[in-house]
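Just so you know, these numbers come straight off a predicted model, no measurement behind them.
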Amino acid sequence: MDMSDAVIVNSSRLKSIVWNDFDRVKKGDTFVAICRHCKKKLSGSSTSGTSHLRNHLIRCQRRSNHGVAQYFSAKDKKKEGSLALVTIDQEQKNDEVLSIVNLRYEQEQIKSEHVGIGSNSLDQRRSQFDLARMIILHNYPLAMVEHVGFKIFVRNLQPLFELATRNKVEADCMEIYAKEKQKVYEIFDKLPGKISVSADVWTASEDDAAYLSLAAHYIDENWQLKKKNLNFVTIDPSYTEDMHSEVIMNCLMDWDIDRKLFSMIFDSFTSDNIVERIRDRLSQNRFLYCNGQLFDVRCAVDLLNRMAHDALEALCEITQKIRESIRYVKSSEATQATFNELADEVQVETKKCLCIDNPLKWNSTYFMLEAALEYRKVFSCLRDRDPVNMKFLLSDPEWDRLITVTSFLKLFVEVTNVFTRSKYPTANIFFPEICDIHLQLIEWCKNPDEYISSLALKMRKKFEEYWYKCSSGLAVAAMLDPRFKMKLLEYYYPQLYGDSATELIDDVFECIKSLYNEHSIVSPLASSIDQGLDWQASGISGSGKDSRDRLMGFDKYLHETCQAEGSSSDLDKYLEEPLFPRNVDFNVLNWWKVHTPRYPILSMMARNILGIPISKVAAESRFDTGGRVLDHNWSSLPPTTIQALMCSQDWIRSGLES
């Protein structure tokens, strides 16, 4: 068609966004749409609609900047949370729509909405919330939406997406936080058991700000161990102990879980006064079992870190000499070659490499010292060849002390890994490991070298403070492991306490019986019996009961005679039955889930006890020498925003993992 005398029509009246890619021209009485990319001519008549224009844009080879095929491919599909691409038949002439299924972050079914790239339609709000969730999930700075590179990327990927400002993204994050928080409220409201809360202190990377992080730990209705962040609030260094305890109580009451609380987990150095104030407040309302005897729990991994710090502090001078010796070996290729030759001469069989430790991870210092011990003879030979540069070499007594203290560190590393790498980190796994440490400390204190014995006494003092607060809870948790029951106490306590063991085992069993009796009072089974007796006494018909029931008296007689005859309780039956065989991959929660019908009351007790997080340290920070630090991308934000981001991140990640 000759378009020499064609006139371009003003497109301001054209409503469809498809005209961003076409020029509408008029030749005589005919309207033509000309593709701005490939110059192909199609009908531009108002009666033709725009479907054929959309279809052309999908297939247009020169529309590189706005094409879709290069952005998505079948290989990008993931098992979960992936983008699903609908196949398009290039030859099909019917109207086609390319649907992109959005990444689902929320658990509930969301309206089936789609992005129609062929029709140039987009769910702006859904995409903006997805962007906010991405920022929350990956610790991205809120200001990234205003970065030039990000803007260019989004414009080329989807030009229809309206980029939000930093303030708008922050508002979206707060809205996500409010919605996710409501879900957590609903979870807590339906929980079948109690909640344990851990308290942790964070600092900011760029200033002296401090934050209190609270997290809830519980076992859900499916007998799965769960954790939910509750709060991330700013605390002032000038706060008194009363103010600290008040902050924690306000957070608990805001979540309405003060009446559901079973225990709280603190760092070893947390003031006893803070814990006592919180316990007293809760005990006044009789919310705590056993008068709060099991309320105060201290973090086991934190204890191990503190004892490891004592050991490394005692080795400070020796460790520095080892570092200097390794630096000299690594100072030149010639020195390293000489060292390797000497290692071959003395027939060192180890494959461990000498390397300088990372002072921020105490286990790396242990690995450095352990490797140095393997090369002890090589270092001695190197000193004979080069006495000037090897002036840092240890003396024989120093090597002997290093061997002993390194054995301490080895135990701490192994136990820490057990606690933090366990597939099922329930409270029952801690008792035997803690008892082994207790026994080792007793032996270390007997060392004839005063240097070693004084170090062992220092560590033992910290351990006994922990043991005094936590031994009862650890023992009860071990009893609830069907592989051990009371036998583990009967094995370890005589080794720890000698002739006093029997009395202390009895004390633990009294605690167990008291705890069981309190659970029996609040169990649904007990309450249903009480309600039945109340109904019988009052003569008021209960739900599903016939007021003319001739056997009401029989029900009362049965209840009274069973009590008089002392029928076996859940606890008695459980302890009388044989131990469950030990195996490596045993899941105690699965065992209790299966055996709940047999032990309805004891299973309630198991749910609350086994849900206590004896350690609250994350696996990635288990060997850190410092506390946890807030990412610099978020530390400058308002406190309410920081809390929203930190809590939402935890909740969203939990949703994705489940």
Side-chain angles (χ1 to χ4, degrees), residues 191-196 218-219 223 258-264 279-280 282-297 426-428 431 469-482 484-490 493 502-534 537 555-577 588-589 591-593 595-612:
L191 272 185
K194 293 281 189 174
I195 295 171
S196 293
Y218 58 91
I219 295 172
W223 285 89
D258 49 324
R259 69 192 63 201
K260 293 187 175 184
L261 204 60
F262 188 84
S263 65
M264 284 199 71
R279 175 161 45 198
D280 290 345
L282 295 169
S283 296
Q284 287 173 5
N285 297 316
R286 298 183 179 179
F287 290 154
L288 299 178
Y289 283 101
C290 292
N291 296 317
Q293 183 180 346
L294 305 180
F295 175 75
D296 183 8
V297 180
T426 42
N428 58 300
F431 183 77
K469 292 182 173 72
C470 302
S471 60
S472 294
L474 292 168
V476 175
M479 184 280 298
L480 290 167
D481 189 324
F484 305 131
K485 301 184 181 180
M486 293 297 292
K487 296 298 181 182
L488 210 56
L489 273 75
E490 294 168 4
Y493 271 34
T502 302
E503 182 181 349
L504 292 170
I505 292 172
D506 290 342
D507 290 343
V508 172
F509 192 63
E510 285 302 315
C511 175
I512 291 170
K513 288 195 294 184
S514 175
L515 199 58
Y516 175 83
N517 290 335
E518 290 186 45
H519 278 83
S520 67
I521 292 171
V522 299
S523 73
L525 182 64
S527 60
S528 64
I529 293 173
D530 292 340
Q531 288 171 5
L533 292 177
D534 290 344
D555 291 337
K556 185 176 181 181
Y557 163 78
L558 191 64
H559 178 66
E560 291 173 348
T561 53
C562 286
Q563 285 186 329
E565 292 170 3
S567 59
S568 295
S569 67
D570 285 5
L571 181 60
D572 295 330
K573 288 188 292 185
Y574 171 77
L575 293 175
E576 288 168 1
E577 291 178 353
V588 71
L589 297 185
W591 191 93
W592 279 105
K593 180 180 180 179
H595 290 81
T596 294
R598 179 164 179 77
Y599 310 111
I601 297 173
L602 194 61
S603 65
M604 286 178 56
M605 179 171 151
R607 188 191 296 274
N608 294 332
I609 291 289
L610 297 176
I612 299 173

Measure the CE-CD distance between M605 and E518 for me, rounded to the nearest 0.5 Å. 10.0 Å
Can you list everything that forms a side chain to side chain donor-acceptor pair (under 3.5 Å) with R598? Sequence neighbours excluded, please. E577
Taking it one step at a time, do D507 and L504 satisfy side chain to side chain contact (heavy atoms under 4.5 Å, CB included)? CA-CA 5 Å; D507 290 343; L504 292 170; 4.1 Å; yes
Heavy-atom closest pair, residues I195 and Y218: CG1-CB, 4.4 Å
S603 OG to L480 CG distance, which is reported to the nearest 0.5 Å: 10.5 Å
Got more than 12 heavy atoms from elsewhere within 6.0 Å of NZ, K573? yes
Straight-line distance of S196 OG to I612 CD1, nearest 0.5 Å: 5.0 Å
Could you list the donor-acceptor pairs under 3.5 angstrom formed by side chains in residues 286-295, with sequence neighbours left out?
none

What residues form a side chain to side chain donor-acceptor pair (under 3.5 Å) with N608, not counting sequence neighbours? H519
Please lay out, stage by stage, how N428 and F484 fare under the test side chain to side chain contact (heavy atoms under 4.5 Å, CB included). CA-CA 10 Å; N428 58 300; F484 305 131; 5.6 Å; no
If I compare all heavy atoms of D258 with all of L282, which pair ends up nearest, and what's the gap? O-CD2, 3.6 Å
Side-chain contact, heavy-atom cut-off 4.5 Å: F431 with D481? no
Test side chain to side chain donor-acceptor pair (under 3.5 Å) on S569 and D572 and set out the steps. CA-CA 5 Å; S569 67; D572 295 330; 3.1 Å; yes
Rounded to the nearest 0.5 Å, how far apart are CH2 of W223 and OG1 of T426? 11.0 Å
Nearest non-hydrogen partners of R607 and P192, listed with the distance: NH1-CG, 3.5 Å
Between S514 and N517, do the side chains contain an N or O donor and an N or O acceptor separated by less than 3.5 Å? no
To the nearest 0.5 Å, what is the distance between CG on D296 and CE on M264? 9.5 Å
With Y574 via side chain to side chain contact (heavy atoms under 4.5 Å, CB included) - residues at least two apart: M479, P482, K485, W591, W592, Y599, L602
For residues I219 and G611, report the shortest heavy-atom separation together with the two atoms involved. CD1-N, 3.6 Å
Sorted by chain and residue number, the side chain to side chain contact (heavy atoms under 4.5 Å, CB included) partners of T502 (sequence neighbours excluded) come out as D506
Can you list everything that forms a salt bridge (Lys or Arg N to Asp or Glu O under 4.0 Å) with E510? Sequence neighbours excluded, please. K513
Working to the nearest 0.5 angstrom, can you tell me the gap between M604 CE and I609 CD1? 12.0 Å
